[in-house]
Amino acid sequence: MAAAPRGGKRCQRLEPSLARSVLSEAEAVLFDCDGVLWRGEAAVPGAAEALRLLEAGPGKPRLLCYVTNNSSRTREAYTEKLRRLGFPPAQPRQVFGSAYCAARYLRRALPAKGSEGPAASVYVLGGPALSAELEAAGVSHLGCGPSPAPDSALFGARAPLDPAVRAVLVGYDEHFSYGKLCLALRYLLRGGEEGCLLVGTNRDHRLPLEGGSAVPGTGCLVKAVETAAEREAFIVGKPSRYIFECVANEFNINPARTVMVGDRLDTDILMGNNCGLTTLLTLTGVTTLEEVQGHLESNCPERRNLVPDYYVDSIADLLPALQD
Ligand SMILES: [Mg+2]
């Protein structure tokens, strides 16, 4: 029997008495958003009240942060959604979306503007939010928006290459096309591993919809570029440690006193487990207890690392522990 990581996580139900002791130790609580705080435009019942009480803390306030792989919204858009759905007011700096974190990564990874030539630029497969976060971080970029038609001189297979491009960033892109894929590959081949970075916001390959349907996630687009380029992207979103490092650098939090709350095992829970956080699964999103049971009974260390410390049916289940 393989040893379970970190002394063996058991996915224990977080009953009120246990919740009281777990939460009294926590200085920071990180939340995934969709499937945890809300589903689409509807808040999970009781979630806003639970967050208000959590933030107030016993004696001193706790830090709440929002950590999401969704690259189609800016930090400001998340604070606005939290407000709209009745959650406690949050500052943009409490929100860590994969669009913001990708911009932050590229700002540091790309050579600064020097005396020789223009600042390094990024070819982006992504939407307006990714563009806005790059703009806010001062990273010059091109490529967002609709792709030129196949009969245009700017079609990706033959468009002139911008000499300043030193990275390709792949995020959620409703205008993803063969032409964009061509251009991404041409930049990556021109720069090689050293001269052109390949960065992806996240690997989520499917976004579930109500009623059992789904749409393809950004992971499919990242995979397309990786396949064409024959190399692997650096991923900023969960389960990458990078997104947690962004939080830890911003707020200097102690992983041992931090709880990660999520509805997805291979992103939220895996990231939390890999970063030494206490992990709490909610069943209001994509995961069932049966799936966790399968991992729990497995001898495979990778599968065991998907098991959270605790679970609740909904974060509203924390209310009794917080109300006393
Ligand atoms: Mg989720």
Side-chain angles (χ1 to χ4, degrees), residues 11 14 29-48 50-51 54 64-75 77-79 81-82 84-85 87 90 94-101 129 171-172 200-220 222 235-244 246-247 258-275 277-292 295 305-318:
C11 191
L14 198 58
V29 187
L30 317 185
F31 290 95
D32 172 54
C33 298
D34 205 44
V36 176
L37 305 181
W38 55 67
R39 279 180 297 234
E41 275 302 310
V44 168
L51 262 67
L54 254 179
L64 305 188
C65 287
Y66 306 91
V67 182
T68 169
N69 276 0
N70 186 335
S71 69
S72 69
R73 283 213 174 100
T74 59
R75 305 181 108 181
Y78 269 95
T79 58
K81 183 162 185 179
L82 286 162
R84 198 167 66 240
L85 297 185
F87 287 92
Q94 289 168 265
V95 180
F96 295 83
S98 65
Y100 165 76
C101 293
Y172 177 74
T201 55
N202 62 297
R203 285 200 190 278
D204 300 53
H205 65 284
R206 196 184 277 181
L207 308 174
L209 301 175
E210 298 290 334
S213 184
V215 291
T218 301
C220 303
V222 173
I235 302 293
V236 299
K238 298 169 286 188
S240 167
R241 286 165 186 266
Y242 183 76
I243 199 162
F244 175 68
C246 291
V247 185
T258 301
V259 178
M260 173 71 211
V261 189
D263 70 312
R264 202 172 183 120
L265 300 177
D266 62 356
T267 53
D268 307 321
I269 301 306
L270 182 58
M271 186 276 278
N273 286 348
N274 283 341
C275 294
L277 317 182
T278 299
T279 46
L280 172 59
L281 173 73
T282 63
L283 300 177
T284 43
V286 298
T287 305
T288 63
L289 220 41
E290 289 69 40
E291 286 170 59
V292 186
H295 297 315
N305 210 17
L306 298 169
V307 176
D309 291 294
Y310 306 106
Y311 82 93
V312 284
D313 291 328
S314 155
I315 52 170
D317 294 2
L318 301 177

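Order of appearance sets the numbers: ligands from 1, and atoms from 1 within every ligand.
- Residues T279 and D309 bring a donor and an acceptor atom of their side chains to less than 3.5 Å of each other.
- The distance from the Mg ion (ligand 1) to the nearest N/O/S atom of D34 is under 2.8 Å.
- A cation-pi arrangement is present between R75 and F96 under the rule of less than 6.0 angstrom and at most 45 degrees off the ring axis.
- Taking the Mg ion (ligand 1) as reference, the nearest N/O/S atom within D263 carries the name OD1.
- Closest N/O/S atom of D32 to the Mg ion (ligand 1): OD2.
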Quick one, N70 with S72, criterion side chain to side chain donor-acceptor pair (under 3.5 Å). Give me CA distance, side-chain angles, the key distance, then yes/no.
CA-CA 6 Å; N70 186 335; S72 69; 2.6 Å; yes

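- For the pair D204 and R206, the salt-bridge criterion is not met [side-chain N within less than 4.0 Å of a carboxylate O].
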